[in-house]
Amino acid sequence: MSSQFPHPGRPLAGFGHYLRDVVYGALDGVVTTLAVVAGAAGANLEPRVAIILGVANLVADGLSMGASNYLALKSELQQARRPIDEEAPWRHGLATAASFAIVGCLPLFGYALAQVSRIPALPTAGIVAFVTLGAAGAVRAPFVNKSLVASAAEMLAIGAAAASAAYGAGALAELWIGIA
């Protein structure tokens, strides 16, 4: 395995080698799951619908992202005429899918737990998501030479923007369907 391919400076083994895949999967897992829940809340859907959509998102999007990462890396290697087994693209796809599902389920768990506990579900899911994103940013920080705060803030900003957009889209869709 060449240290110059496909990303110079990336560690050849360990967590750092899969950092791109894990960050990609974890960030998208948290953001899309929170977005599904926020969109459902914005549209005033029943909580069970939000949970069903969230579970479906975790399965379908997690598998899709893992497969996409696998094919993207495989394509990159083939384009550079490098041996596929040099980088083991399936491991990168698996890292993406696993981090998506494991980390992405946390906001949904918060949402479901809030339903059972009879506390506000969307704020609970949001708090869980933002704590998760902050933690993921903190884990990422030493690998990217950023402060814990800067790395966490970057992840949080992306999550907040996506959740806000999803809530607004759900509210607009509900309004549009209600008018039509």
Is the ring centre of His92 less than 6.0 Å from the ring centre of Tyr70?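 Centroid separation for His92 and Tyr70: 6.0 Å or greater.
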
Note, [X] side chain near [Y] side chain (heavy atom, < 4.5 Å):
{"X": "Leu122", "Y": "Val37", "value": "yes"}
{"X": "Phe100", "Y": "Asn57", "value": "yes"}
{"X": "Glu154", "Y": "Lys146", "value": "yes"}
{"X": "Leu133", "Y": "Ile158", "value": "no"}
{"X": "Pro89", "Y": "Leu77", "value": "yes"}
{"X": "Arg140", "Y": "Leu27", "value": "no"}
{"X": "Val128", "Y": "Phe109", "value": "no"}
{"X": "Tyr111", "Y": "Thr124", "value": "no"}

Out of curiosity, [X] [atom1] to [Y] [atom2], how far, rounded to the nearest 0.5 Å?
{"X": "Ile52", "Y": "Leu108", "atom1": "CD1", "atom2": "CG", "result": "10.5 Å"}
{"X": "Ser68", "Y": "Leu73", "atom1": "OG", "atom2": "CG", "result": "12.5 Å"}
{"X": "Thr132", "Y": "Ile127", "atom1": "OG1", "atom2": "CD1", "result": "11.5 Å"}

Is a donor on one side and an acceptor on the other found under 3.5 Å between the side chain of Ser64 and the backbone of Ala60?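 Between the backbone of Ala60 and the side chain of Ser64 there is no qualifying donor-acceptor contact (under 3.5 Å).
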
Does Ser99 reach the main-chain N or O of Thr96 with its side chain, forming a donor-acceptor pair under 3.5 Å?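 Confirmed, Ser99 side chain pairs with Thr96 backbone.
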
Membership question, hydrophobic clusters at under 4.5 Å side-chain separation (ILVMFWY): are [Y] and [X] in the same one?
{"X": "Val22", "Y": "Val144", "answer": "yes"}
{"X": "Phe130", "Y": "Val31", "answer": "yes"}
{"X": "Val23", "Y": "Tyr18", "answer": "yes"}
{"X": "Val103", "Y": "Val131", "answer": "no"}
{"X": "Leu106", "Y": "Met65", "answer": "no"}

Nearest heavy-atom pair of Ala35 and Ala162: which atoms, and what distance?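 Heavy atoms of Ala35 and Ala162 come nearest at CB-O, 4.4 Å.
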
Can you tell me if Phe143 has over 12 outside heavy atoms packed within less than 6.0 Å of its CZ?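 For Phe143, atom CZ is crowded (more than 12 foreign heavy atoms under 6.0 Å).
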
